[in-house]
2 protein chains.
Amino acid sequence: MSEDSTQPIDDIPAYMRALGEAARAAGRHLAATDSGPRNQALRLIAESIRDAAPALAEANQRDLDAGKAAGLDAALLDRLALTEARIEAMAEGLEQIAALPDPVGAVTDLDPMPSGIRVGRMRVPLGVVGIIYESRPNVTADAAGLCLKSGNACLLRGGSEALHSNQAIAECIRGGLEAAGLPSTAVQVVGTTDRAAVGELITLDDYVDVLVPRGGKGLIERIMRDATVPMIKHLDGICHCYIDANADADMAEQVVVNAKTQRYGTCNTLETLLISAAMAPEMLPRLKARFDAHGVELRGCERSRSLVDGLTAATEADWDTEYLAAILSIRVVDDLDEAIRHIARHSSGHTDAIVTNDYAHAQRFLREVDSSSVMVNASTRFADGFEYGLGAEIGISTDKLHARGPVGLEGLTTQKYIVLGEGHVRE
Amino acid sequence: MSEDSTQPIDDIPAYMRALGEAARAAGRHLAATDSGPRNQALRLIAESIRDAAPALAEANQRDLDAGKAAGLDAALLDRLALTEARIEAMAEGLEQIAALPDPVGAVTDLDPMPSGIRVGRMRVPLGVVGIIYESRPNVTADAAGLCLKSGNACLLRGGSEALHSNQAIAECIRGGLEAAGLPSTAVQVVGTTDRAAVGELITLDDYVDVLVPRGGKGLIERIMRDATVPMIKHLDGICHCYIDANADADMAEQVVVNAKTQRYGTCNTLETLLISAAMAPEMLPRLKARFDAHGVELRGCERSRSLVDGLTAATEADWDTEYLAAILSIRVVDDLDEAIRHIARHSSGHTDAIVTNDYAHAQRFLREVDSSSVMVNASTRFADGFEYGLGAEIGISTDKLHARGPVGLEGLTTQKYIVLGEGHVRE
């Protein structure tokens, strides 16, 4: 990529193929390295980011000025801003990634077979990861760090509003890679805001092994429509909590209130409360009082509205809506079976929880609810790579193949079979 | 599915959606069962196939007669034929699958986190598997058995030439499922030869979790073009063997001859031999003599042709061709680096092997060759689910995501996160 990469590019497909080809070569190089140089690069990039803090702030100011001029809203401008604390957090994040165990190279189950060969599986990088994201420039450092740690080259396509910030961070990354003796093409930031570049990136099957889109539902849907490269993604987080017939009422209240109110805008936030008919008369007034205090609007089914005043009537659409806001839909169900059926029909497969004291019900819920995270007596807000001990998170997947749930470094790797023989042939 | 399912179906999309909906419901039922009824069903289906041998032979004869009338070639008619031995092999295969350990239900790494929650992963069925295959009716029993064992419902679409055979096998499967108390819709054979049914099946994203196409490259390419459901697949098997500078010549000869000649038409058959310049003068005449005895045509690079007479000149296209025939391309390379570069460029990522006595070279080859199976001193023909101890094989994947290499029961499952708390909330 040329230094002058914010200039218009005439032939976007050729430009993207060139990035892809360089990434593929860099990925092959990384796959052959030990963790030493990769970790050294991560620490050197962190250092370089700290050193470049004034330059990063300056580049970021250009983006902020342009954003203000273009009329971006306050929330977007806040996400775009690289404060001193955020710059330090990027550097610290990279150092934390460097300190994690190396996810590649391990060989498992090298077992002898009846033929005499030994067969095992070796964990290896995927190759090249394409990351498509919006506004927040710190994703540039985070995503690059996770890919580098897992031995993958990456192509980063940030939001056009963050171009100068991302380019300045990319400059730090390049410096760190080179100082560690790794190819600077191991991390490439797409140097054009032309949207055609995204269209190319998501169809670069020869050069990109997986896409990780990070952003709102609109972004993911656009990419899904046209991508031919496989993706690690989730669309919705329509998360449920079911309060079972013999749940502890205090525990249920505590879990449900936390799952809904701890943060409203996250994908693991509770959106629909299912409540056993046996518990509803006791629980609903208590919950109504708690949610009123939080200013949460409650939308209830007929049965729930007959038990407590002040609930808006839920429509069918409510069961399929991720509010990402201070709104909760509530449905009274007869029993565990009806709860499981509701979840099977309306869950987005992200995270669903039960609050219960019934052992058999807990086991059935764990087994039968087909979501990426299934919880007993815990807040859905725990569905997160850091809370799960992954040390890092590149995204969350609600797909069933490859990676499911919070995706850490392991999701950026694959396992190949290795076979060791001593001249063995097949009879 | 109606009994009279070979009748023309007016509304193929509606018909396929109905099959999909029934499969989804059956899959949910299976996911909630223990291994007991699933294994019992497998054994009862085996019994039912043995009992129905005369009826199966009769149905198969209808297909064979129609095939002959339609002018199918001898190889295709052979694959289509259900001999007594093949019927018994189907039954035995199902009994073997029943005897394998249950691939679902295991919970791994249920570890406590700093927050107090315990987080683990539970292995669960994918849900619904779509299998698309050609001619060989025994795939109907094999594939149904693997899906059932792994707790998945399946939709089977066999070749139109095998319709009556497949329907007769499906009848046995239905009987076994019902006798074991499982829904007969757990295994459904698509009851129409209309090709539009395939187009529907591969885009039934709401009801089908993964496709496993089993057949020639043409079939896979057609499905790849239009499928929106993810696939477990491989396209080509352009497998390499590299004879390193200090290989044992006898071992090299033995491995290479086996890899090429043990069977010509399989995807793990050797197609390109790379040979170190240091070994070529000694090895090439020996190999020429052995391959002549097998009637294998050798196509060589310039350097190899200068070392031994009687090699056809290889063209660039040869390095990218899966012959599936008694033809081998040969290229002399300077060293390991050139061999790895050739493989990176021309391998289909299926299986590549090195014959070497150099420890460091063996390690580099294992690490740097990015294929689903990488071998040292063993014939590529070993790349196979049974040889790898998987107990069964649903297919081979050259993709990197989800399943890579021979795919057994584990590839038909996924892992979801489970979280156990005692009222834990996120701070």
Side-chain angles (χ1 to χ4, degrees), chain A residues 28 31-32 105 111 113-115 117 119 122 124 126-127 209-210 230 248 250-251 254-255 257-259 262 344 353 355 364 366-368 370-379 381-383 387-389 399-406 414-426, chain B residues 28 31-32 105 111 113-115 117 119 122 124 126-127 209-210 230 248 250-251 254-255 257-259 262 344 353 355 364 366-368 370-379 381-383 387-389 399-406 414-426:
Chain A
R28 291 216 167 101
D111 293 325
M113 294 294 136
S115 64
I117 59 171
V119 178
M122 182 188 279
V124 293
L126 284 173
D209 296 294
V210 67
D248 177 291
D250 292 340
M251 185 194 287
Q254 166 180 318
V255 165
V257 171
N258 180 267
Q262 204 245 349
V355 181
R364 275 196 59 201
L366 287 172
R367 184 156 185 174
E368 295 180 27
D370 190 22
S371 296
S372 72
S373 287
V374 187
M375 303 185 168
V376 177
N377 297 343
S379 166
R381 285 281 296 129
F382 281 114
E387 294 291 342
Y388 284 5
D399 290 325
K400 293 181 183 176
L401 268 63
H402 187 63
R404 195 175 191 194
T414 177
Q415 283 185 305
K416 66 185 178 192
Y417 278 99
I418 62 169
V419 174
L420 306 183
E422 285 146 49
H424 288 85
V425 296
R426 190 156 165 199
Chain B
R28 291 214 168 103
D111 293 326
M113 296 293 136
S115 63
I117 58 171
V119 178
M122 183 189 277
V124 292
L126 285 173
D209 296 292
V210 66
D248 178 290
D250 292 340
M251 185 195 286
Q254 167 180 317
V255 165
V257 171
N258 180 267
Q262 204 244 350
V355 181
R364 276 196 58 203
L366 286 172
R367 184 156 183 174
E368 296 180 27
D370 189 23
S371 296
S372 71
S373 288
V374 188
M375 302 186 169
V376 177
N377 297 342
S379 166
R381 286 280 297 128
F382 281 113
E387 294 291 341
Y388 284 5
D399 290 325
K400 292 181 184 177
L401 268 62
H402 186 64
R404 197 175 190 194
T414 177
Q415 283 185 305
K416 66 184 177 192
Y417 279 98
I418 62 170
V419 174
L420 306 184
E422 285 146 48
H424 287 86
V425 296
R426 192 156 165 199

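So that the names make sense, note that chain A is the first sequence line, chain B the second, and so on, each numbered from 1.
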Q) Between A:Asp399, A:Val255, A:Asp370, A:Asp250, which residue shows the highest count of heavy-atom pairs closer than 4.5 Å to chain B? A) A:Val255

**Q.** Heavy-atom pair count under 4.5 Å with chain A, highest-scoring of B:Ala259, B:Ala32, B:Ala383
**A.** B:Ala32

**Q.** A:Arg426/B:Glu387 salt bridge by N-O under 4.0 Å criterion
**A.** yes

Q. Would you say the side-chain atoms of B:His402 pair up with the backbone N or O of A:Leu401, donor to acceptor, closer than 3.5 Å?
A. no

Q) What part of B:Ala344 lies closer than 4.5 angstrom to a heavy atom of chain A: side chain, backbone, both or neither? A) both

Q) Under 4.5 Å between any side-chain heavy atoms of B:Ile418 and A:Val376, yes or no? A) no

Q: Sort B:Pro406 into side chain, backbone, both or neither according to what part of it lies under 4.5 angstrom from a heavy atom of chain A.
A: both

**Q.** A:Ser115, part contacting chain B, at a heavy-atom distance under 4.5 Å
**A.** side chain

Q. Among B:Met113, B:Arg367, B:Gln262, which has the most heavy-atom pairs under 4.5 Å with chain A?
A. B:Arg367

Q. Using 30° and 60° as the class limits, which term best fits the ring planes of B:Phe382 and A:His424: parallel, tilted or perpendicular?
A. perpendicular

Q) So how far is it from B:Met375 CE to A:Ile117 CD1, rounded to the nearest 0.5 Å? A) 6.0 Å

Q. With chain A, which of B:Val425, B:Thr414, B:Val119 has the greatest number of heavy-atom pairs at distances under 4.5 Å?
A. B:Val425

Q) Of the backbone (N, CA, C, O) and the side chain (C-beta and beyond), which part of A:Gln254 lies under 4.5 Å from a heavy atom of chain B, both, or neither? A) both

Q) For A:Leu126, is it the side chain, the backbone, both, or neither that has a heavy atom closer than 4.5 Å to a heavy atom of chain B? A) both

Q: Between chain B and each of A:Met122, A:Arg381, A:Gln415, count heavy-atom pairs under 4.5 Å; write down the option with the most.
A: A:Arg381

**Q.** side chain to side chain contact (heavy atoms under 4.5 Å, CB included) assessment of A:Asn377 paired with B:Glu422
**A.** CA-CA 5 Å; A:Asn377 297 343; B:Glu422 285 146 48; 5.5 Å; no

Q. If you tally heavy-atom pairs under 4.5 Å against chain B, which of A:Val124, A:Asp209, A:Val210 wins?
A. A:Asp209

Q) Does the side chain of B:Leu366 come within less than 4.5 Å of A:Leu420's, by heavy atoms? A) yes

